[in-house]
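Let me begin by presenting the structure, written as C-alpha cells, before commenting on it.
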Amino acid sequence: MLLKRSKWLTFVVAFAICLSLFTLQAKAKIVSKEFTDVPKDKPYASAVYDLAERNIIGGYKDGTFKPEATITRGQAAAIIAKLLNLDTKNVKDPGFKDVSSKLWSYGAIAAVSEKEIFRGYADGRFGPNDPITRGQMASILIKAFEFHYYNADYQDSPFKDIERLESHKDAVYTLYKLGITSGTTPTTFSPNNPITRAQAAVLITKTERARSATVTLNVKDYGWSKFREYEDYHDRYRPEQNEEEIIQVIPSNTNARLLQIVPVKVGTQKLSIAGLKVDATGSESRVYKKYYVHVTKDSSQLKINFEETEDVVPTNVGLNAKKESIEKISLSTMNGTILNDNMEFKNCKYMGSDETCITLTEPGEYIATVKYVNGTQVRYGIQATVNSSSFYFGTRLLEENPTVTVDLSEDKGDFSEYEIKNTNGSDVIKFTREGNSDIFHIEGVSEGNVYIDFPKNDEGKEGLLGLNINVQKIGSIIHVVVNRDYYDPYH
C-alpha cells in the first residue's frame with residue numbers, strides 16, 4: 001500500500017525549467033551526399049551523413065569520406081564552430097604563435113578559444129595540424145555542449161587507461177555515463193590515440209542528441225537558495241533499491257544552483273532532490289521534491305516528463321538470518337497482534353552482505369519473529385519511519401538480546417568491587433554479580449550508555465579498567481552490547 005497517491009506534473013511551463021539551448025536541426029531533407037567509402041550499413045554511416053547534410057563535416061574531392069583518417073585540431077575547431085554556429089568573422093586574436101590570421105581555420109580557432117572550448121599548449125602553440133586525440137575530443141565536446149562533469153575519481157570507471165589521466169578523465173567518464181561512448185574495448189578508451197573521422201562523427205552526433213534532450217533544473221525556479229543533494233536510487237550496495245539507469249543526474253562542480261538531468265533510455269526512474277530555502281528573516285530550512293522521471297521516445301529523440309509525488313513505496317528490511325534454515329517469519333505489532341503469520345521473505349544484499357529480507361508497506365514499530373526448522377526462534381524489533389525526502393522508509397533493526405553475561409575470570413584485574421559511573425545507570429541496566437565470582441549479569445531496561453568502573457584496577461596498570469555498556473530499544477525489543485575497556489599505555 002502506498003502512503004499517498006501521486007499527482008501528475010509535466011515540466012513544460014510550471015517550473016520554467018531551462019531546456020537545452022542546443023536543439024537538433026531537422027532532418028527533413030533527403031541526403032544528397034553519398035561517400036563511396038561509407039556504405040549505409042556501417043554503424044557510423046547515419047552520423048556521417050547527418051553532419052555532411054548540415055555541412056558541418058565534408059568529404060574529399062574524389063567522393064570519399066575516409067572514415068579511418070584522423071582529424072587535425074584545426075579541422076576539429078572548424079567542425080565545432082559550425083556545429084555551434086559561432087561567429088568566426090568578428091573574433092579576437094587568440095595569440096597562438098602558430099596560428100596566423102591567414103590560416104584557413106583562424107576564425108574557427110579564435111572563436112572556440114574565446115569560448116574556452118579549446119586550449120593551446122603550454123609553450124604557446126595551438127597545434128592546428130596536430131591530430132586531435134580521443135581524450136581531447138571528449139573534453140571539447142563536454143565544453144562545447146556545456147555538460148557538467150562527473151568526477152571520475154569517485155566513480156567506477158571501466159576504463160583502466162584513464163585512471164592516471166588528469167586532463168581528460170572526467171570528460172571521458174561523463175561521456176561513458178551518458179551512454180555516448182563505450183570505449184575502444186570494454187576496459188580501454190585509448191585517450192591518447194588520434195580520433196578517426198568516423199569516431200568523431202559518432203561522438204559529436206550522440207553528444208548533440210543527448211544535450212538536446214537534457215533538462216537543467218535551476219534553484220530559482222523552486223524559490224530555493226541552493227541544491228544540497230539528490231538521490232537517483234542507483235544504490236549498488238542495496239540491489240533491491242538499485243534503479244535501472246533511465247536518467248543521469250549531473251550536479252555542477254562550480255554552481256550549487258544547477259542540476260542537469262540527462263535521459264539515457266526509455267523508462268521510469270525515481271528521483272529525490274533536496275535543497276535550502278531562505279525565509280524573510282534569513283533563516284535556512286531544508287526543502288525537497290520527489291519525482292517519477294518518465295523518459296519517452298518521440299521519433300529518435302528522448303523526452304523527459306516529471307511526475308511530482310509524495311509516495312513512499314514498500315521497503316525491504318534485512319534480517320541477519322539464514323534463508324535456507326528458516327521455517328517461517330511472522331510479523332506482529334509491539335502489543336503482540338499478529339499482522340502476518342507467514343511473511344514472504346527472500347535473499348537480498350546490504351553493503352555486500354547476504355541477508356534475508358521482508359517487505360514493509362506501512363510505517364510503525366514491529367516484531368519480526370524468525371522460526372528456524374530446528375525449533376529455535378529469534379525476534380527482531382523493526383522501526384519504519386517516513387522520510388519525506390525519500391521514496392523509501394527509514395528503517396532501524398534490532399535483534400533481541402536483552403541480557404548479557406560477562407565472564408571476567410580470564411581478564412587481568414581485581415573485580416571484587418564495581419561502580420556504576422552514570423547517575424542514571426540503574427535506570428538503564430540491572431547489573432549483578434554472581435556470588436563472589438568474576439561473572440556478571442547485565443539486563444537492559446531502557447536506552448542509554450553506562451560505564452561500569454572497577455576501582456581496584458588502577459590506571460597505569462595493564463588489565464581491564466571497566467565495561468562500556470550500550471542499550472538500544474525498539475518498543476519492547478531490547479538489545480544489549482558490552483565492550484571491555486582495557487588500559488592503553490599509548491593513550
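The shown structure was predicted, so the numbers you read here are calculated from the model rather than taken from an experiment.
- When each of H234, K265, Q269 is checked for a side chain to side chain donor-acceptor pair (under 3.5 Å) with E244, only K265 meets the rule.
- Taking the side chain as every heavy atom from C-beta outward, L84 and I117 approach each other to under 4.5 Å.
- Among all heavy-atom pairs drawn from I358 and I329, the shortest one is CG2-CD1, 4.0 Å.
- The minimum heavy-atom distance between S446 and V471, with the atom names listed, is O-CG1, 3.2 Å.
- Judged purely by atom type and a 3.5 angstrom limit, Y150 uses its side chain to pair as donor or acceptor with the backbone of V249.
- The backbone N or O of F65 sits less than 3.5 Å from a side-chain atom of R197, completing a donor-acceptor pair.
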Open item on the list: Could you walk me through whether Y49 and F35 satisfy the ring-ring contact (aromatic ring centres under 6.0 Å, His included) test, starting with their C-alpha distance in whole Å, then the side-chain angles of each, then the deciding distance to 0.1 Å, before giving a yes or no?
Closed with: CA-CA 9 Å; Y49 286 122; F35 302 111; 5.7 Å; yes

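- Not one N or O on the side chain of S167 forms a donor-acceptor pair closer than 3.5 Å with the backbone of L165.
- Residues forming a ring-ring contact (aromatic ring centres under 6.0 Å, His included) with Y366 (at least two apart in sequence, or on another chain): none.
- Using a 4.5 Å heavy-atom threshold, the side chains of R119 and E116 count as separate.
- Contact detail for V293 and L271: the closest heavy-atom pair is CG2-CB, 3.8 Å.
- Distance NZ/K290 to CD/E231: 12.0 Å, rounded to 0.5 Å.
- The backbone N or O of T281 lies less than 3.5 Å from a partner atom in the side chain of D279, making a donor-acceptor pair.
- Y233 and S272 share a side-chain donor-acceptor pair at under 3.5 Å.
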- [ ] Could you please spell out the steps behind the side chain to side chain contact (heavy atoms under 4.5 Å, CB included) verdict for I367 and S476?
- [x] CA-CA 9 Å; I367 296 175; S476 59; 3.8 Å; yes

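- Other residues, nucleotides and ligands contribute over 12 non-hydrogen atoms within 6.0 Å of the NZ atom of K177.
- Taking the six-membered ring where tryptophan is involved, the planes of W224 and F227 are perpendicular, since the angle between them exceeds 60° and thus also 30°.
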- [ ] Go through K473 and E365 one step at a time and tell me if the salt bridge (Lys or Arg N to Asp or Glu O under 4.0 Å) criterion holds.
- [x] CA-CA 11 Å; K473 190 175 182 182; E365 292 185 344; over 6 Å; no

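- Judged as a salt bridge (Lys or Arg N to Asp or Glu O under 4.0 Å), and not counting sequence neighbours, D87 has no contacts.
- Using a 4.5 Å heavy-atom cutoff, the side chains of Y292 and D311 are in contact.
- For the atom pair I80 CD1 and I132 CD1, the distance stands at 8.0 Å (nearest 0.5 Å).
- Annotation for G107 and V91: closest pair O-CG1, 3.9 Å, computed over non-hydrogen atoms.
- A donor-acceptor pair under 3.5 Å is formed between the side chain of N401 and the backbone N or O of V480.
- Rounded to the nearest 0.5 angstrom, I261 CD1 and I273 CD1 are separated by 7.0 Å.
- We find that E284 and K226 are not joined by a salt bridge, their nearest charged nitrogen and carboxylate oxygen being 4.0 Å or further apart.
- Distance alone, capped at 3.5 Å, places no donor-acceptor pair between the T188 side chain and the S190 backbone.
- A donor-acceptor distance shorter than 3.5 angstrom exists from the side chain of K206 to the backbone of I180, with no hydrogens or angles considered.
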- [ ] Show the numbers, then the answer: is there a side chain to side chain contact (heavy atoms under 4.5 Å, CB included) between T337 and S332?
- [x] CA-CA 5 Å; T337 302; S332 66; 5.8 Å; no

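- Proximity of the aromatic rings of Y230 and Y291 is defined here by a centroid distance below 6.0 angstrom, and this criterion is not met.
- Checking side-chain atoms of S139 against main-chain N and O of Q136 turns up no donor-acceptor pair under 3.5 Å.
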TODO: Tell me, with the steps shown, if E208 and R54 meet salt bridge (Lys or Arg N to Asp or Glu O under 4.0 Å).
DONE: CA-CA 13 Å; E208 183 183 36; R54 292 190 276 156; 2.7 Å; yes

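- No donor-acceptor distance shorter than 3.5 angstrom exists from the side chain of S105 to the backbone of A78, with no hydrogens or angles considered.
- Taking CG from N320 and OG1 from T356, the interatomic distance works out to 8.5 Å, rounded to the nearest 0.5 Å.
- The environment of CG in N335 is crowded: more than 12 heavy-atom neighbours from other residues, nucleotides or ligands sit within 6.0 Å.
- When side chains are defined from C-beta on, F126 does not count as touching P94, because their heavy atoms never get closer than 4.5 Å.
- At least one side-chain heavy atom of Q301 sits less than 4.5 Å from a side-chain heavy atom of R209.
- Residues L203 and L141 are in side-chain contact: their nearest non-hydrogen atoms beyond the backbone lie under 4.5 Å apart.
- Between the side chain of T174 and the backbone N or O of Y149 there is no donor-acceptor pair closer than 3.5 Å.
- When side chains are defined from C-beta on, Q377 does not count as touching K328, because their heavy atoms never get closer than 4.5 Å.
- When the shell of 6.0 Å around OH of Y176 is examined, it contains 12 or fewer heavy atoms from other residues, nucleotides or ligands.
- For NZ of K143, the number of neighbouring non-hydrogen atoms (other residues, nucleotides, ligands) closer than 6.0 Å is greater than 12.
- Here CD1 of I478 is found 11.5 Å from CD of Q472. Values are rounded to the nearest 0.5 Å.
- When side chains are defined from C-beta on, V445 does not count as touching V428, because their heavy atoms never get closer than 4.5 Å.
- Closest non-hydrogen pair, L319 versus A368, comes out as CD1-CB, 4.4 Å.
- Between Y380 atom OH and L397 atom CG the span is 7.0 Å, to the nearest 0.5 Å.
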TODO: For side chain to side chain contact (heavy atoms under 4.5 Å, CB included), just list the numbers for F147 and T207, CA-CA rounded to whole Å, side-chain angles, deciding distance to a tenth of an Å, and then say yes or no.
DONE: CA-CA 9 Å; F147 272 117; T207 307; 3.8 Å; yes

TODO: Decide side chain to side chain contact (heavy atoms under 4.5 Å, CB included) for V48 and I57; before the verdict, give the C-alpha distance in whole Å, the side-chain angles of both, and the deciding distance to 0.1 Å.
DONE: CA-CA 8 Å; V48 169; I57 196 168; 5.5 Å; no

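- Summarising the geometry of A108 relative to A81, their closest heavy-atom pair is CB-CB, 3.9 Å, with the distance given to 0.1 Å.
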